[in-house]
Amino acid sequence: MDLRLAGRTYVVTGASSGVGLTTVALLLEEGANVAACARDGTRLADAVERLPGSERVTTFACDVLDAASVREFVAHAGERFGGIDGVVNNAGRSLLARWDETTDEQWRAELDLKLFGVLNPVRAAVPWLSRSDSAAVVNVNAILARQPETRLAATSAARAALLNLSATLSEELAAGGIRVNSVCLGLVDTGQWRRRYESSDTADSFQQWSAHLAADRGISLGRLGDAEEVAYPIVSLLSPRASYITGATVDVGGGVARYM
Ligand code: NDP
């Protein structure tokens, strides 16, 4: 099926690894142009230049928390490709700490990242998106937003705030023809889980270690997801073929979500 993304332009934040980088690869495969950002511009450029279709990517070193830098990045994207059709707000991380181990600064930093990591790019992109005939925003979120984990207390609370903000944005931006949806992740095998495996003192292989992790977290499919399994729903929601979907939340968690 043709997703009708060829020739369109998408902004992807946090694009140098994991879900962001795989989303860039899939958009390129579909013939789209991509403007990609991450804080470490060298790592980003190195990662992206190996992708087929990399001549249709522009990279920019930018922290999504720096509003001025995000404005510059988005303006650069719009000018380079003559418009913007969508934004994937993917940049982020999680904080492994229970509520009583989390400092005030960490609570604030988590909320800051989850809210302004989306508000800054959306504010900058709305004037461009308003000119598209099929504009879409996808916020990469986590199942934690609705199913908090005590070991990720601040991240869970901040994810819930982002899910709530996404609902507001979908309602506010609909009149301007901009759809806003969320993709909520369970446990996805990216750099962050590889780093946790490497810093553990286990004698297990990554496969054994991640199978135990999946069992411990009650993932029905018995394994972590991979980045492509997340990138596909993200790209589908950007597609003009998803033109009647807004305010929706798609869980990509292999059955880890227990809510109805
Ligand atoms: P990775 O750690 O593999 O990649 C994160 C990317 O975001 C990197 O490109 C990083 O580059 C960039 N980034 C981080 N902070 C910023 C910032 N302030 N400004 C700009 N770029 C930034 O993450 P994943 O692919 O695993 O995760 C993608 C998203 O999904 C994240 O928001 C994550 O929290 C969320 N998620 C992931 C889960 C998982 O199991 N993998 C589970 C639930 C949610 P650089 O450091 O150079 O800036």
Side-chain angles (χ1 to χ4, degrees), residues 11-21 23 36-44 47 59-74 87-126 137-169 180 182-200 213 217 227 230 234 249 252-253 256:
V11 166
V12 180
T13 69
S16 60
S17 77
V19 171
L21 181 62
T23 301
C37 86
R39 289 166 301 181
D40 182 337
T42 308
R43 185 166 79 119
L44 173 66
T59 60
F60 204 94
C62 163
D63 185 331
V64 289
L65 292 179
D66 179 344
S69 175
V70 172
R71 280 196 297 275
E72 220 185 309
F73 164 52
V74 170
V87 178
V88 179
N89 289 308
N90 167 75
R93 52 153 167 65
S94 58
L95 175 70
L96 196 58
R98 306 183 96 85
W99 76 275
D100 53 357
E101 300 159 350
T102 308
T103 65
D104 288 3
E105 288 70 28
Q106 288 172 321
W107 282 102
R108 291 194 187 98
E110 277 301 278
L111 277 165
D112 217 28
L113 179 60
K114 269 60 180 191
L115 295 181
F116 287 94
V118 169
L119 283 168
N120 287 337
V122 167
R123 282 173 174 156
V126 159
V137 173
V138 174
N139 294 330
V140 177
N141 203 332
I143 285 170
L144 296 175
R146 293 194 285 194
Q147 185 170 287
E149 282 195 29
T150 51
R151 69 194 113 198
L152 289 156
T155 297
S156 298
R159 288 295 186 193
L162 172 57
L163 195 61
N164 192 287
L165 171 65
S166 301
T168 297
L169 291 175
V180 181
S182 301
V183 171
C184 286
L185 280 56
L187 276 68
V188 179
D189 174 9
T190 60
Q192 59 172 281
W193 288 108
R194 295 279 163 170
R195 286 191 295 276
R196 277 184 202 170
Y197 165 70
E198 277 153 21
S199 64
S200 73
L213 185 63
R217 302 293 166 91
V230 180
I234 294 172
T249 302
V252 186
V256 76

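Starting from 1, each residue takes its place in the sequence as its number.
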For [X] versus [Y], what's the shortest heavy-atom pair and its separation?
X: Lys114; Y: Arg93; answer: NZ-O, 2.6 Å
X: Thr102; Y: Ala97; answer: OG1-CB, 3.6 Å
X: Ala38; Y: Ser16; answer: CB-OG, 3.7 Å
X: Val11; Y: Phe73; answer: CG1-CE2, 3.5 Å
X: Thr190; Y: Ala227; answer: CG2-CB, 4.5 Å
X: Ala61; Y: Ser69; answer: O-OG, 4.2 Å

Determine yes or no for a side-chain-to-main-chain donor-acceptor pair under 3.5 angstrom, with Thr13 supplying the side chain and Asn90 the backbone.
yes
Is there a donor-acceptor pair closer than 3.5 Å between any side-chain N or O of Gln192 and the backbone N or O of Ser94?
no
Decide yes or no for [X] and [Y]: does some side-chain heavy atom of the first lie under 4.5 Å from some side-chain heavy atom of the second?
X: Cys62; Y: Val70; result: yes
X: Thr249; Y: Arg146; result: yes
X: Val64; Y: Leu113; result: yes
X: Ser182; Y: Leu163; result: yes
X: Val74; Y: Val87; result: no
X: Val137; Y: Leu169; result: no

Rounded distance [0.5 Å steps], [atom1] in [X] versus [atom2] in [Y]:
X: Leu162; Y: Asn89; atom1: CG; atom2: CG; result: 8.0 Å
X: Thr59; Y: Arg43; atom1: OG1; atom2: CZ; result: 13.0 Å
X: Leu95; Y: Thr103; atom1: CG; atom2: OG1; result: 8.0 Å
X: Arg159; Y: Leu185; atom1: CZ; atom2: CG; result: 8.0 Å
X: Arg196; Y: Leu187; atom1: CZ; atom2: CG; result: 8.5 Å
X: Trp99; Y: Glu101; atom1: CH2; atom2: CD; result: 10.5 Å

Would Glu110 and Thr155 satisfy side-chain hydrogen bond (donor to acceptor under 3.5 Å, both in side chains), going step by step from the backbone distance to the final call?
CA-CA 6 Å; Glu110 277 301 278; Thr155 297; 2.6 Å; yes
Begin with the C-alpha distance, continue with both residues' side-chain angles, and end with the deciding distance and a verdict on side-chain hydrogen bond (donor to acceptor under 3.5 Å, both in side chains) for Ser166 and Asn139.
CA-CA 7 Å; Ser166 301; Asn139 294 330; 3.0 Å; yes
How would you list, by chain and number, every residue that makes a ring pair (Phe, Tyr, Trp, His ring centres under 6.0 Å) with Tyr197, sequence neighbours excluded?
Phe206, Trp209
Step by step, would you call Val88 with Val183 a side-chain contact (heavy atoms from CB on, under 4.5 Å)?
CA-CA 10 Å; Val88 179; Val183 171; over 6 Å; no
